[in-house]
Number of protein chains: 2
Amino acid sequence: MTISETRYSRVAVVGAGTIGASWAALFLAHGLHVTVSDPRPDLEEYVTGQLTALTPTLAALGPPTEALTARLEFEPDVEKAVAEAEVVQESGPDDLNLKQELFARLEAATRPGTLLLSSTSGIRATDFTARMADPGRVAVGHPFNPPHLIPLVEIVPGEHTEAATLEDAAAFYRQVGKQPLILRREIPGFVANRLQSALFREAVHLVTTGVVSLEDLDTIVTSSIGLRWAAGGPFLTFNLGGGPGGFEHFLKHLGPGMEMLWQLLGKPSFDEATIATLSAQEREAYGDRTYDQLGAARDRDQLALMAALRNAN
Amino acid sequence: MTISETRYSRVAVVGAGTIGASWAALFLAHGLHVTVSDPRPDLEEYVTGQLTALTPTLAALGPPTEALTARLEFEPDVEKAVAEAEVVQESGPDDLNLKQELFARLEAATRPGTLLLSSTSGIRATDFTARMADPGRVAVGHPFNPPHLIPLVEIVPGEHTEAATLEDAAAFYRQVGKQPLILRREIPGFVANRLQSALFREAVHLVTTGVVSLEDLDTIVTSSIGLRWAAGGPFLTFNLGGGPGGFEHFLKHLGPGMEMLWQLLGKPSFDEATIATLSAQEREAYGDRTYDQLGAARDRDQLALMAALRNAN
């Protein structure tokens with residue numbers, strides 16, 4: 001982990017759904033002044049409720065969580081909310097028209113150097129900045145849900161994003177304890193969601209064709225690949241799995257078998273039968289616990305894993 | 001974790017490469033008497049060397065590691081090696097002819113109730129048991145490498161495997177601290193390797209098309225999906241990611257976007273250019289450390305993660 005410098009102190013969170021509220025909690029816990037803007041009538045109630053709900057997790061992650069609301073303001077008027085911000089983290093609906101209009105307004109209402117970052121997982125910066133005069137200080141800053149917990153933030157440039165914007169965004173996310181990675185270019189789904197969806201596709205195939213139950217597939221992942229990939233990514237894993245002969249040697253030997261397996265991978269679709277099978281097996285696997293119980297158990301394990309990695313390094 | 005009963009006490013490990021030696025170390029650490037058989041001239045030297053090398057990892061996992069060799073025997077003659085065994089864990093070369101001949105000999109040389117389990121990752125039990133009179137007590141017991149460390153063992157029936165064999169194999173693997181999962185039928189690559197290869201396919205695509213560097217892709221995985229899937233499998237993750245509206249609701253909303261992404265996933269092949277790109281980026285990412293240094297760091301993290309999960313549960 002790079003030592004982070006304290007460079008930013010004032011952030012606006014535009015859009016206060018689950019993602020925006022999670023960002024706000026994280027920023028507050030790292031000492032930033034946060035202004036949250038959203039037209040929702042229950043804005044203050046919703047965000048303070050989320051803050052209370054997320055505080056135990058934030059506290060377990062390390063940063064101080066006393067008096068978080070002392071540095072928190074609410075401002076439904078987006079122009080006023082962003083006027084003094086050094087960074088805007090936009091987390092509004094993934095609607096191209098809405099986002100295009102919003103970013104034109106953000107450009108007009110912010111000071112020239114303000115970083116404009118979008119949590120979008122689905123729209124290219126090149127597209128949602130189309131109505132801006134100068135989209136150079138805009139980038140995607142896509143968290144892996146939930147932002148206050150999972151380290152990754154994918155920073156994705158649009159065609160007009162300046163290199164300095166990417167570096168500044170990385171510095172900002174490091175300051176709030178995240179692991180930012182800068183992608184070299186835009187691509188639908190970015191990296192993490194594409195990788196996730198590739199594995200999930202085969203998972204759906206294996207369960208719906210009756211090779212393995214949904215619950216057993218989840219256990220297979222947690223007791224093998226998941227553990228492995230929490231300690232080292234897929235390339236390092238294969239490198240080490242191949243023995244000291246080297247990665248090139250390994251790829252040449254692995255290649256033909258892997259390519260054959262690729263040809264056999266399933267191509268499911270989310271038709272009614274697939275959704276019915278998966279839903280029924282999900283209820284069978286997890287239906288004896290509530291959503292909150294399952295989430296709490298997962299978050300407890302998640303925090304324990306992250307603490308273990310921090311201590312080991 | 002189910003409380004395991006002590007049911008088996010005498011095991012033969014047939015085939016002493018990396019996998020066989022790792023199995024032997026695990027079985028010894030869990031108090032079993034182990035006879036290792038392999039025609040290699042350096043059999044005793046190789047296995048005892050591996051035992052010494054693996055002992056620190058085994059000790060960190062929990063079981064006692066004193067005097068492991070007191071319950072260890074070597075017997076190059078496979079018929080003699082398996083004569084008294086309650087379980088045979090076969091880990092020889094993945095060659096259909098060799099395995100067919102070997103399993104016919106194992107059938108003749110073992111007592112009728114002996115479990116015959118193969119570590120194969122590539123050959124169906126239905127195929128490698130073709131020369132046996134009664135293949136009912138044979139199954140695949142496929143570890144995720146290395147067997148002494150990673151919990152998963154996939155138990156895969158052949159067409160003639162008896163149901164009791166699968167349950168007995170699961171009891172055996174639980175006795176030695178593993179997480180066994182019984183697949184419902186044979187499929188090339190079983191489950192974990194198919195899932196792994198599906199994600200790896202897209203990983204190769206994203207690196208070779210220049211979206212992200214190999215090193216950054218590994219970091220993206222460890223800081224998002226890997227952490228997630230060590231705490232909960234892909235179905236539980238999506239269930240919890242979808243909010244309390246339920247998995248069916250989530251699938252219906254997620255489906256179209258996910259299917260669109262599936263259509264965009266890459267289809268790389270291991271041609272010379274791909275291997276050259278991956279090898280060069282692997283050297284750039286990890287070339288400053290030796291194979292042993294990388295492996296030691298990964299194993300240290302791996303053990304810390306597994307200890308954290310044990311303590312959290």
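This one's a predicted model, so the numbers in the text were calculated from it and none came from an experiment. So that the names make sense, note that chain A is the first sequence line, chain B the second, and so on, each numbered from 1.
The contact between A:Pro268 and chain B is made by backbone and side chain atoms together, counting heavy-atom distances below 4.5 Å. Proximity to chain A is absent for every atom of B:Thr18, based on heavy atoms less than 4.5 angstrom apart. Both the backbone and the side chain of B:Tyr291 come within less than 4.5 Å of a heavy atom in chain A. For B:Leu206, the part sitting under 4.5 Å from any heavy atom of chain A is the side chain, from C-beta outward, and nothing else. For a residue to count as touching a neighbouring chain, one of its non-hydrogen atoms must lie under 4.5 Å from one of that chain's; by this rule B:Leu240 touches chain A with backbone and side chain alike. For a residue to count as touching a neighbouring chain, one of its non-hydrogen atoms must lie under 4.5 Å from one of that chain's; by this rule B:Glu186 does not touch chain A. Contacts of B:Leu294 with chain A are made by both backbone and side-chain atoms, with heavy-atom separations under 4.5 Å.
In summary, the aromatic rings of B:Tyr286 and A:Phe247 are positioned with their centroids too far apart to meet the 6.0 Å limit.
Applying the side-chain hydrogen bond (donor to acceptor under 3.5 Å, both in side chains) criterion to B:Gln281, with sequence neighbours excluded, gives no partner residue. The side-chain contact (heavy atoms from CB on, under 4.5 Å) search around B:Gln293 returns B:Arg289, B:Thr290, not counting sequence neighbours.
Going from atom OG of B:Ser279 over to atom NE2 of A:His249 covers 11.5 Å, rounded to the nearest 0.5 Å. Considering CD of B:Glu272 and CG of A:Leu251, their distance stands at 13.0 Å, rounded to 0.5 Å. In this structure, A:Phe200 CZ and B:Leu199 CG are separated by 13.5 Å, a value rounded to the nearest 0.5 Å. Atom CD of B:Glu202 sits about 12.5 Å away from atom CD of A:Gln196, to the nearest 0.5 Å. In this structure, CZ in B:Phe235 is found 4.5 Å from CG in A:Leu214, a value given to the nearest 0.5 Å.
Using a distance-only test at 3.5 Å, with no hydrogens or angles considered, no donor-acceptor pair links the side chain of B:Arg228 to the main chain of A:Ala230. Under the 3.5 Å distance criterion, the side-chain polar atoms of A:Gln179 are left unmatched by any main-chain donor or acceptor of B:Thr219. A:Arg298 places no side-chain N or O within 3.5 Å of a backbone atom of B:Leu236 that could act as its donor or acceptor partner. No side-chain donor-acceptor contact under 3.5 Å links A:Trp229 to the backbone of B:Ile225. Between the side chain of B:Trp262 and the main chain of A:Lys267, no donor-acceptor pair closer than 3.5 Å is present. A distance-only check finds no donor-acceptor pair linking the side chain of B:Asp216 to the backbone of A:Leu181 [under 3.5 Å]. Listed for the A:Gln302 side chain is no donor-acceptor partner under 3.5 Å among the backbone atoms of B:Ala231.
Looking only at side-chain heavy atoms (C-beta outward), A:Glu154 and B:Ile220 come within less than 4.5 Å of each other.
Options B:Arg201, B:Glu259, B:Arg184 differ in how many heavy-atom pairs under 4.5 Å they form with chain A, and the most are formed by B:Arg201. Here B:Val191 is the residue among B:Thr237, B:Leu183, B:Val191 with the most heavy-atom pairs under 4.5 Å with chain A. The greatest number of non-hydrogen atom pairs below 4.5 Å with chain B, out of A:Gly189, A:Gly122, A:Ser213, is found for A:Ser213. Of the listed residues A:Ser197, A:Gly257, A:Ala308, the one with more heavy-atom pairs under 4.5 angstrom with chain B than any other is A:Ser197. Top candidate by heavy-atom pairs under 4.5 Å with chain B, chosen from A:Val153, A:Leu309, A:Leu305, A:Val207, is A:Leu305. In terms of heavy-atom pairs under 4.5 angstrom with chain B, the leader among A:Phe190, A:Phe250, A:Phe238 is A:Phe238. Of the listed residues A:Pro146, A:Ser269, A:Gly295, the one with more heavy-atom pairs under 4.5 angstrom with chain B than any other is A:Ser269. For the set A:Asn239, A:Ile182, A:Asn145, the count of heavy-atom pairs under 4.5 angstrom toward chain B peaks at A:Asn239. Of the listed residues (B:Val221, B:Val211, B:Ile150), the greatest number of heavy-atom pairs within a distance under 4.5 Å of chain A belongs to B:Val211.
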* Go through A:Leu227 and B:Leu152 one step at a time and tell me if the side-chain contact (heavy atoms from CB on, under 4.5 Å) criterion holds. => CA-CA 10 Å; A:Leu227 268 182; B:Leu152 176 67; over 6 Å; no

* Test side-chain contact (heavy atoms from CB on, under 4.5 Å) applied to A:Glu248 and B:Ile275, step by step -> CA-CA 7 Å; A:Glu248 183 163 352; B:Ile275 290 178; 3.9 Å; yes

* So A:Thr209 and B:Arg185, side-chain contact (heavy atoms from CB on, under 4.5 Å) or not? Walk me through it. -> CA-CA 10 Å; A:Thr209 56; B:Arg185 59 179 172 85; 3.6 Å; yes

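The two residues A:Leu217 and B:Pro234 come nearest to each other via the heavy atoms CD2-CG, 3.8 Å. Shown here for B:Arg194 and A:Gly266, the closest heavy-atom pair between the two residues is NH2-N, 4.4 Å. Closest approach of A:Pro151 to B:Ser223, counting heavy atoms only: CD-O, 3.3 Å. When all heavy atoms are compared, the tightest approach of B:Phe144 to A:Ser224 is CG-CB, 3.6 Å.
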